[in-house]
> 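First the structure, then my questions, so here it is.
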Amino acid sequence: MGKSSKDKRDAYYRLAKEQGWRARSAFKLLQLDEEFDLFANVSRVVDLCAAPGSWSQVLSRVLINEGSRHRVDLVLSDGAPDVTGLHDLDIYVQSQLLFAALNLALCVLKPGGKFVAKIFRGRNVDVLYAQLRIFFERVVVAKPRSSRASSVEAFIVCLNFRPPPGFRASLEEPLGVGSRLDGMVKERDMQLPVVADAFMQDQSTGAWSCELAATSGGTHGTGITEMQVYDDTFEEHEAVGTRARSTRWIAPFIACGDLSAFDSDASYQLPKDYVSLDPVQPPIAPPYKRAVEMRASQSKAVR
């Protein structure tokens with residue numbers, strides 16, 4: 001956590017210091033738990049990218065510590081790369097970090113386990129939903145109240161781990177590399193029921209258009225809507241007698257936390273008697289530290 005005037009006016013930043021959390025991100029996990037009851041029937045957890053450690057703090061306060069080599073109930077990943085400002089690049093790098101976390105989770109999770117990880121929402125994020133849906137019964141995208149609305153950050157919440165029959169996780173052959181994962185998605189798509197054509201004709205003009213048609217399975221009780229997506233270029237496909245069709249799984253989006261609570265994008269007026277507290281955990285390797293050292297060495301060289 002920083003200590004700028006903007007940080008001081010951030011309500012969650014101040015609450016984190018007042019309550020002894022290492023970072024404001026602790027509230028994100030707490031709000032996710034309020035919505036999905038993540039810690040129910042959980043005793044063993046793996047916390048990835050645990051720096052500065054606010055999520056580990058939450059876990060240590062709500063769970064019993066147990067040293068065991070057995071499979072775990074919950075895998076968490078709040079990791080993110082240093083953003084560049086190039087959104088497509090940042091989203092891609094974040095997706096690779098998520099795949100790394102997923103590969104590890106597949107190796108250590110027990111059936112029925114849960115997986116929660118940070119994502120950056122982008123235009124192709126529905127592909128990620130389809131991939132995760134192979135291994136988990138329910139996949140939801142959640143945005144905690146303490147996560148700034150101006151940020152593309154969200155959290156993918158995957159519940160009830162149930163790998164496909166015969167699947168064996170391996171860090172030597174990770175998913176997301178090559179065509180292994182894409183092949184699993186296509187294989188699952190082939191198992192979806194076929195739906196009726198979804199063409200509509202404008203009675204006034206006689207023109208035809210294509211729309212989305214839901215599969216007969218609907219949401220299957222999971223909240224995931226399976227849609228058959230048709231190309232709207234009817235004349236082209238009419239000529240060849242076929243139509244382009246693909247399957248998209250649209251995951252629900254949920255806002256977590258009390259919506260009447262503090263707005264993470266707002267700056268609140270500091271009380272007159274406010275005393276600035278030091279962060280519980282100072283930055284381990286602040287990004288500016290290297291720049292300051294380089295500037296100091298350059299100044300010495302000039303002299």
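Keep in mind the model is a prediction, meaning the values are calculated, not measured. Just the heavy atoms: all of them, side chains too, but no hydrogens, waters or symmetry mates, feed the values below.
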> Does the ring center of F135 lie less than 6.0 Å from the ring center of F167?
yes
> Quick check: do P164 and I134 have side-chain heavy atoms less than 4.5 Å from each other?
yes
> Below 4.5 Å, heavy atoms only, C-beta onward: do H87 and L89 meet side chain to side chain?
no
> Taking C-beta and beyond as the side chain, do Q94 and P81 meet within less than 4.5 Å on heavy atoms?
yes
> Would I119 and Y92 show up in the same hydrophobic cluster when neighbours are defined by side-chain heavy atoms closer than 4.5 Å?
no
> Just verifying a value: how many Å separate L59 CG and L74 CG, rounded to the nearest 0.5 Å?
7.0 Å
> For the CD1 atom of I156 and the CZ atom of R121, what is their distance to the nearest 0.5 Å?
11.0 Å
> Are F120 and L48 grouped together when hydrophobic residues (ILVMFWY) are joined by side-chain heavy atoms under 4.5 angstrom apart?
no
> Would a hydrophobic clustering, with Ile, Leu, Val, Met, Phe, Trp and Tyr connected at side-chain separations under 4.5 Å, put I254 with L76?
yes
> May I ask you to decide if A16's main-chain N or O and R24's side chain share a donor-acceptor pair within less than 3.5 Å?
no
> Under 3.5 Å, side chain of Q57 to main-chain N/O of A26, donor-acceptor pair present?
no
> How about V75 and V45: do any of their side-chain heavy atoms sit closer than 4.5 Å?
no
> With a 4.0 Å cut-off, would you call R148 and D265 a salt bridge?
no
> Output the distance between atom CG (L102) and atom SG (C107), rounded to the nearest 0.5 Å.
9.5 Å
> If every non-hydrogen atom of F136 is compared with every non-hydrogen atom of F115, which pair is closest and at what distance?
CZ-CB, 3.6 Å
> V93 and Q96: side-chain contact (heavy atoms from CB on, under 4.5 Å), yes or no, with the steps?
CA-CA 5 Å; V93 176; Q96 297 307 300; 5.7 Å; no
> On a heavy-atom basis, which atom in N160 and which in G112 lie closest, and how many Å separate them?
OD1-CA, 3.4 Å
> Evaluate the side-chain proximity of V157 to L38: yes if any heavy-atom separation is below 4.5 Å, no if none is.
yes
> Can a donor-acceptor pair be found, under 3.5 Å and without considering hydrogens, that links the side chain of S147 to the backbone of P144?
no
> Quick check on ring-ring contact (aromatic ring centres under 6.0 Å, His included): which of W21, F155, F39, F27 does W55 satisfy it with?
F155
> Is it the case that one hydrophobic cluster holds both L132 and V127, taking links as side-chain heavy atoms less than 4.5 Å apart, direct or via other members?
no
> Would S299 and M294 count as a side-chain contact (heavy atoms from CB on, under 4.5 Å) here? Give the steps.
CA-CA 9 Å; S299 299; M294 293 177 60; over 6 Å; no
> Would K28 and E153 count as a salt bridge (Lys or Arg N to Asp or Glu O under 4.0 Å) here? Give the steps.
CA-CA 11 Å; K28 300 175 185 178; E153 169 195 81; 3.1 Å; yes
> Starting at CD of Q31, measure out to OH of Y12 and round the result to the nearest 0.5 Å.
5.0 Å
> So if you build clusters from Ile, Leu, Val, Met, Phe, Trp, Tyr with side-chain heavy-atom gaps below 4.5 Å, do L106 and L97 land together?
no
> Short question: side chain of D90, backbone of T84 - any donor-acceptor pair under 3.5 Å?
yes
> Output yes when a side-chain donor or acceptor of D78 lies under 3.5 Å from a complementary backbone atom of S25, and no otherwise.
no
> Side-chain contact, heavy-atom cut-off 4.5 Å: R295 with V292?
no
> Just checking, is any N or O donor in the side chain of S146 or S264 under 3.5 Å from an acceptor N or O on the other one?
no
> Answer yes or no: does atom CZ of F99 have more than 12 heavy-atom neighbours from other residues, nucleotides or ligands under 6.0 Å?
yes
> Is a side-chain N or O of D47 found less than 3.5 angstrom from the main chain of A50, in a donor-acceptor match?
no
> Any carboxylate oxygen within less than 4.0 angstrom of a Lys/Arg side-chain nitrogen, looking at K110 and D73?
yes
> Find out whether S77 and V116 are in side-chain contact, i.e. whether some heavy atom of one side chain is under 4.5 Å from a heavy atom of the other.
no
> Do E35 and V140 have side-chain heavy atoms sitting under 4.5 Å apart?
no
> CG of N103 to CD of E172: how many Å apart, nearest 0.5 Å?
12.0 Å
> Quick one: does any side-chain atom of R71 pair with a main-chain N or O of L109 as donor and acceptor, under 3.5 Å?
yes
> Using the ring centroid of each side chain, check whether Y268 and F262 are separated by less than 6.0 Å.
yes
